[in-house]
K.L.:
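Take this structure first; my questions come after.
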Amino acid sequence: MALVMAKRAAASSSAMKSVSSAAAIWMRSYAKVAVGTDIVSAAPNVSLQKARTWDEGVSSKFSTTPLNNIFKDKKVVIFGLPGAYTGVCSNKHVPGYKENIDKFKAKGIDSVVCVAVNDPYTMNAWAEKLEANNAIEFYGDFDGSFHKSLDLVVDLSGALLGTRSHRWSAYVVDGKVKALNVEEAPSDVKVSGADTILGQI
C-alpha cells in the first residue's frame with residue numbers, strides 16, 4: 001500500500017512539473033476568485049476602507065467603501081500585497097504601478113487600486129511616504145474580510161505579520177475578473193507586477 005501511494009505521489013509530482021509555465025499565471029484551484037468571477041458577489045457584504053488620516057476617519061464617522069463603488073461600471077486594476085512598509089511592497093511592487101500610471105490611463109483604466117490587510121491610517125501614511133497617493137487609490141482591509149472571502153490569505157506569522165494577503169493582481173471590468181495573477185511566494189513579484197497586468201489589458 002505504501003508503495004502504491006508513493007508511486008501515485010511521484011506521478012502527481014511529475015504531472016505538476018509538466019504544466020506549462022508559459023501562462024505566467026499561478027492560481028490556486030480552490031480560490032473563490034478566478035477569471036470570470038464577479039468580485040463583488042464573491043465578497044458579499046464586504047467593504048474596504050479608503051486610506052485616510054485618523055482625523056478624516058473621525059469626521060467621516062469611520063465610513064467604509066462598498067466594493068460596488070470601486071468596481072461598478074469601471075475598468076480597474078487592483079493589486080494586493082502582504083503589508084504596508086514591508087520591503088518588497090515598498091521597494092518594488094507599488095513603485096512599478098506608480099511609474100506606469102500613465103500607461104494604465106492610456107489603456108482606459110479608471111483606477112489603479114492597492115489593498116492590504118492593514119488599517120486605512122497606516123495605508124495613508126505609507127502611500128504618502130511613497131508619494132504614490134495621487135496615482136494609486138489605497139485601501140485597507142483591516143480585518144482581512146475581503147481577502148478571506150476570495151481565499152487570498154496567507155499565514156505570515158514567521159515574519160511576525162500574522163494573517164496577510166497573498167501578493168496578487170487583477171484586471172476587473174464592471175466587477176468581472178478578466179485577468180488574475182497570484183504569486184507563489186509573497187516575496188516574489190514575478191507575475192503580479194505592473195508590466196504583467198499591462199500586457200493583459
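Computed from heavy atoms alone, side chains included, the values below leave out hydrogens, waters and symmetry copies.
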K.L.:
Looking at side-chain heavy atoms only, is the closest gap between Thr37 and Leu150 below 4.5 Å?
P.N.:
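SC-SC contact between Thr37 and Leu150 ruled out.
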K.L.:
If you look at every heavy atom in Phe138 and Ile136, which pair is closest and at what distance?
P.N.:
CD1-O, 3.4 Å
K.L.:
Can you check whether Ser145's main-chain N or O pairs, donor with acceptor, with Ser149's side chain at less than 3.5 Å?
P.N.:
yes
K.L.:
Measuring from Lys148:NZ to Asp143:CG, what's the distance to the nearest 0.5 Å?
P.N.:
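Output value for this atom pair is 6.0 Å.
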K.L.:
side-chain contact (heavy atoms from CB on, under 4.5 Å) between Val94 and Phe79: does it pass, once the steps are laid out?
P.N.:
CA-CA 9 Å; Val94 171; Phe79 65 105; 4.0 Å; yes
K.L.:
Is there a chain of hydrophobic side chains (I, L, V, M, F, W, Y, each step under 4.5 Å between heavy atoms) that links Val177 to Ile70?
P.N.:
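Result: yes, single cluster for both.
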K.L.:
Would Asp55 and Thr53 count as a side chain to side chain donor-acceptor pair (under 3.5 Å) if you check the C-alpha gap in whole Å, the side-chain angles of each, and the deciding distance to 0.1 Å?
P.N.:
CA-CA 5 Å; Asp55 288 342; Thr53 66; 5.4 Å; no
K.L.:
Which one of Arg52, Lys50, Gln49 satisfies the side chain to side chain donor-acceptor pair (under 3.5 Å) criterion with Ser60?
P.N.:
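So the option named by the test is Arg52.
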K.L.:
Could you tell me the separation between the CG atom of Asp195 and the OG atom of Ser169, rounded to the nearest 0.5 Å?
P.N.:
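Atom-to-atom, Asp195:CG and Ser169:OG are 11.0 Å apart.
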K.L.:
Applying side-chain contact (heavy atoms from CB on, under 4.5 Å), run through Val182 and Leu152 and close with a yes or a no.
P.N.:
CA-CA 9 Å; Val182 185; Leu152 286 173; 4.0 Å; yes
K.L.:
Once you round to the nearest 0.5 Å, how far does CG of Leu156 lie from OG of Ser165?
P.N.:
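So the gap between those two atoms works out to 9.0 Å.
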K.L.:
Is it possible for you to say whether Leu48 and Val172 belong to one hydrophobic cluster, with membership spreading through side-chain heavy-atom contacts below 4.5 Å?
P.N.:
yes
K.L.:
Is the backbone of Asp110 close enough, under 3.5 Å, to the side chain of Lys105 for a donor and an acceptor to pair up by distance?
P.N.:
yes
K.L.:
Walk me through it: do Val153 and Arg164 pass the test side-chain contact (heavy atoms from CB on, under 4.5 Å)?
P.N.:
CA-CA 5 Å; Val153 292; Arg164 294 287 179 148; over 6 Å; no
K.L.:
Hey, is NZ on Lys103 packed in by over 12 heavy atoms from elsewhere, all under 6.0 Å?
P.N.:
no
K.L.:
Do you know which two heavy atoms are closest between Val112 and Ile101, and how far apart they sit?
P.N.:
CG2-CD1, 3.6 Å
K.L.:
Side chain of Asn181, backbone of Thr196: donor and acceptor closer than 3.5 Å?
P.N.:
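Here the side-chain-to-backbone pair does not exist.
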K.L.:
Could you check Glu183, Arg167, Lys98 and say which one makes a side chain to side chain donor-acceptor pair (under 3.5 Å) with His93?
P.N.:
Arg167
K.L.:
Could you tell me the separation between the CG atom of Leu180 and the CD1 atom of Ile197, rounded to the nearest 0.5 Å?
P.N.:
8.0 Å
K.L.:
Side chains of Ser157 and Asp155: any donor to acceptor distance under 3.5 Å?
P.N.:
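A pair is found: one side chain offers a donor N or O, the other an acceptor, under 3.5 Å apart.
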K.L.:
Heavy atoms only: give me the nearest Gly36-Lys176 pair and the separation to one decimal.
P.N.:
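Reported closest heavy-atom pair: O-CD, 3.9 Å.
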K.L.:
If you take all heavy atoms of Cys89 and Pro82, which pair is closest and at what distance?
P.N.:
SG-CD, 3.6 Å
K.L.:
Rounded at 0.5 Å granularity, tell me how far CG in Leu67 sits from CG in Asn45.
P.N.:
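If I round to the nearest 0.5 Å, the distance is 10.0 Å.
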K.L.:
Does the side chain of Lys75 reach to within under 4.5 Å of the side chain of Ile201, using non-hydrogen atoms?
P.N.:
no
K.L.:
For a quick test of your reading: what N or O donor-acceptor pairs under 3.5 Å do the side chains of residues 113-132 make, sequence neighbours left out?
P.N.:
from	atom 1	to	atom 2	distance (Å)
Asn118	OD1	Ala84	N	2.9
Asp119	OD1	Tyr121	N	2.9
Asp119	OD1	Thr122	N	2.7
Asp119	OD1	Thr122	OG1	3.2
Asp119	OD2	Thr122	OG1	2.9
Trp126	NE1	Ser90	OG	2.9

K.L.:
Parallel, tilted or perpendicular: which fits the ring planes of Trp168 and Phe146, with parallel below 30° and perpendicular above 60°?
P.N.:
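Aromatic pair Trp168/Phe146 classed tilted.
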K.L.:
Looking at CG of Leu81 and NZ of Lys92, how far apart are the two atoms once the value is rounded to the nearest 0.5 Å?
P.N.:
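If we round to the nearest 0.5 Å, Leu81:CG and Lys92:NZ are 13.5 Å apart.
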K.L.:
I'd like to know if Val46 and Phe142 are part of one continuous hydrophobic network [Ile/Leu/Val/Met/Phe/Trp/Tyr, side-chain heavy atoms within less than 4.5 Å].
P.N.:
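No: no chain of side-chain contacts under 4.5 Å links Phe142 to Val46.
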K.L.:
Check the pair Ile78 / Tyr139 against side-chain contact (heavy atoms from CB on, under 4.5 Å), numbers first and verdict last.
P.N.:
CA-CA 10 Å; Ile78 181 170; Tyr139 286 87; over 6 Å; no
K.L.:
Write down the atom of Ile109, the atom of Ser111, and the distance for their closest heavy-atom approach.
P.N.:
CG2-O, 3.3 Å
